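Got a structure here, written out as structure tokens. Questions coming.
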Amino acid sequence: MCSRFALTTPPELIASAFRLSDPPVVRPRYNIAPTQDALVVRVMDGDREGELMHWGLIPFWSRDTSINARLVNARAETASGRTAFRNAFRKRRCLIPASGFFEWRREDRHKRAFFIRPISRQPMAIAGLYEEWRDPDRPGAPLVESFTILTTEPNVLMRDIHHRMPVLIDPVEQDLWLDPDVTEPEMVHHLLRPTPSDWLEAYCVSSYVDNPAHEGPECVHPMGPSCIEERRAAEGSQIPDSLWG
DNA sequence: CCAGACGTTGTT
DNA sequence: GTCTGG
DNA sequence: CCAGACGTTGTT
DNA sequence: GTCTGG
């Protein structure tokens, strides 16, 4: 799954990595949690743009926003067939820029937080879906845009930590994923595979990050003896040329 | 037909 | 809005 | 994901 | 224990 992530990349670098015409107006965030706003990249009128949206998808037919806290993830294996995600899967696919994401590993009675990031240090592109919603009880209510993160099986690196992980989209495949004119799920399903393990590394962080109200660099500082066990699936392996430009 | 769900995660 | 279950 | 609440009444 | 909110 993916229920917490960071985006600390400078706006200018986000813009170049995602080919946005303007740097997004964002501050560094070390602990982005569900129901909060996060930067989303989508294609609108043929151009990529970065927008802030609520994390937690609100289907357009919802009576209220109470479902928001629950639809923070969508299973990549089934999302295109789910009522809540079907329309978005066809027409409103998006990317969520992230410097890395957090996962908690269960260890007996304890849990330990890990930060997972690209070895390349370029921002990753998490696959997402977004939706548009207006309060049906209030005519003229403002448009609420919200998103969910697609999850899939873990790769070798992640398998040791958790049994789900977010879907990441390779830069060479991003135009296809974002194209709103590609409305057949079959055309994009093959993009929703686990990221190769040698794209990523993982290390332990302190429990400071556990509290969603906490913010700041301490969330991603290596912590404890097992920061030594910083993991790489393939030591010394080359990062594929197709990655991150 | 109407009523009620519509989702994922983790845990037992 | 649309699908499933009763 | 984790943290924190977990409730009703009447009144504004 | 389970639900809601961030």
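Here the structure is a predicted model, which is why all the values come from computation and not from measurement. A, B, ... follow the sequence lines: proteins, then strands. Residue 1 opens every chain.
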> Do you know which two heavy atoms are closest between A:Phe85 and A:Ala79, and how far apart they sit?
Replying inline: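 The answer is CB-O, 3.4 Å.
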
> Over how many whole Å does the gap from A:Trp55 atom CH2 to E:dG5 atom P extend?
Replying inline: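 Interatomic distance, CH2 of A:Trp55 to P of E:dG5: 17 Å.
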
>> For A:Glu107, I'd like to know if atom CD has over 12 heavy atoms of other residues, nucleotides or ligands within 6.0 Å.
In response: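 Atom CD in A:Glu107 is crowded, with more than 12 foreign heavy atoms closer than 6.0 Å.
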
> Base, sugar-phosphate, or nothing for A:Pro59, non-hydrogen atoms under 4.0 angstrom?
Replying inline: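 Result for A:Pro59 = nothing.
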
> When rounded to the nearest Å, what value does the distance between P atoms of D:dA3 and B:dT11 take?
Replying inline: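 Roughly 14 Å separates the two P atoms.
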
>> Check the phosphate of B:dG7 against A:Thr78, side-chain N and O only, distance under 4.0 Å to OP1 or OP2. Yes or no?
In response: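 A:Thr78 to B:dG7 OP1/OP2: no side-chain N or O under 4.0 Å.
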
> Could you give the CD-to-P distance, from A:Glu215 to D:dA3, as a whole number of Å?
Replying inline: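 After rounding, the gap between these two atoms is 16 Å.
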
>> From C-beta outward on A:Gln36, which listed nucleotide comes closest to its side chain: B:dT9, E:dG6, B:dG7?
In response: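 Among the listed nucleotides, the one closest to the side chain of A:Gln36 is E:dG6.
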
> Would you find more than 12 non-hydrogen atoms of other residues, nucleotides or ligands less than 6.0 Å from A:Glu132 atom CD?
Replying inline: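 Yes, the 6.0 Å shell around CD holds more than 12 heavy atoms from other groups.
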
>> Students often get this wrong, so: under 4.0 angstrom with heavy atoms, is A:Arg4 touching a base, only sugar-phosphate, or nothing?
In response: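 If one applies the 4.0 Å heavy-atom cut-off, A:Arg4 turns out to touch a base.
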
> How would you label the contact of A:Phe102 with the nucleic acid (heavy atoms, under 4.0 Å): base, sugar-phosphate, or nothing?
Replying inline: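 No contact.
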
>> In whole Å, measure the gap between the C1' atoms of B:dT12 and E:dT2 for me.
In response: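 To the nearest whole Å, 14 Å.
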
>> Nearest to the A:Thr83 side chain among E:dG6, C:dG1, D:dC2, which nucleotide is it?
In response: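 Selected nucleotide (nearest to the side chain): C:dG1.
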
> Can you check the A:Ile58 CD1 to E:dT4 C1' distance for me, whole Å?
Replying inline: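 After rounding, the reported distance stands at 15 Å.
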
> Mind checking the C1' distance from E:dT4 to D:dT9? Whole angstroms is fine.
Replying inline: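 Straight-line distance between the two C1' atoms is 22 Å.
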
> Starting at CG of A:Leu71 and ending at P of E:dG5, how long is that distance when rounded to a whole Å?
Replying inline: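 It is 14 Å, rounded to the nearest whole Å.
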
> Do A:Trp104 and A:Asp210 meet the criterion of a side-chain donor-acceptor pair at a distance under 3.5 Å?
Replying inline: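 A:Trp104 vs A:Asp210: donor-acceptor pair found between side chains.
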
> Atom CZ of A:Arg82 to atom C1' of B:dT9: distance rounded to whole Å?
Replying inline: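 Answer to the nearest Å: 14 Å.
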
> What nucleic acid atoms does A:Ala113 come within less than 4.0 Å of, heavy atoms only: base, sugar-phosphate, or nothing?
Replying inline: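 Result for A:Ala113 = nothing.
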
>> Within the 4.0 Å heavy-atom criterion, would you say A:Thr151 contacts the bases, only the backbone, or no part of the nucleic acid?
In response: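 Result for A:Thr151 = sugar-phosphate.
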
>> Applying the Watson-Crick and G-U wobble criteria at under 3.5 Å, what pairs with E:dG1? Answer none if nothing qualifies.
In response: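 When the pairing criteria are applied, D:dC6 turns out to be the nucleotide that pairs with E:dG1.
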
> Can you tell me if A:Gln36 and A:Arg29 form a side-chain donor-acceptor pair at under 3.5 Å?
Replying inline: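 Yes, a side-chain donor-acceptor pair sits under 3.5 Å.
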
> Which nucleotide, B:dT8, B:dT11, D:dA3, lies nearest any side-chain atom of A:Asp210?
Replying inline: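 So the nucleotide nearest the side chain must be D:dA3.
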
> Between A:Trp61 (CH2) and B:dG7 (C1'), how many Å, whole number?
Replying inline: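 It works out to 9 Å between those atoms.
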
>> At 4.0 Å (heavy atoms only), tell me whether A:Ser207 reaches a base, stays on the sugar-phosphate, or touches nothing.
In response: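 Here A:Ser207 touches no strand at all.
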
>> Whether A:Arg106 contacts D:dC2 is assessed here as follows: a side-chain N or O lying under 4.0 Å from the phosphate OP1 or OP2. Is that the case?
In response: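 Checking A:Arg106 against D:dC2: at least one side-chain N or O falls below 4.0 Å of OP1 or OP2.
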
> Rounded to whole angstrom units, what separation is found between the CZ atom of A:Arg70 and the P atom of B:dA5?
Replying inline: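 Going from CZ in A:Arg70 over to P in B:dA5 covers 11 Å.
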
> How many Å lie between CG on A:Leu129 and C1' on B:dT8, as a whole number?
Replying inline: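 Those two atoms, CG and C1', are 14 Å apart.
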
> Can you name the closest pair of heavy atoms from A:Leu176 and A:His190 and give their distance?
Replying inline: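 What the structure gives for the nearest pair is CD2-CE1, 4.0 Å.
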
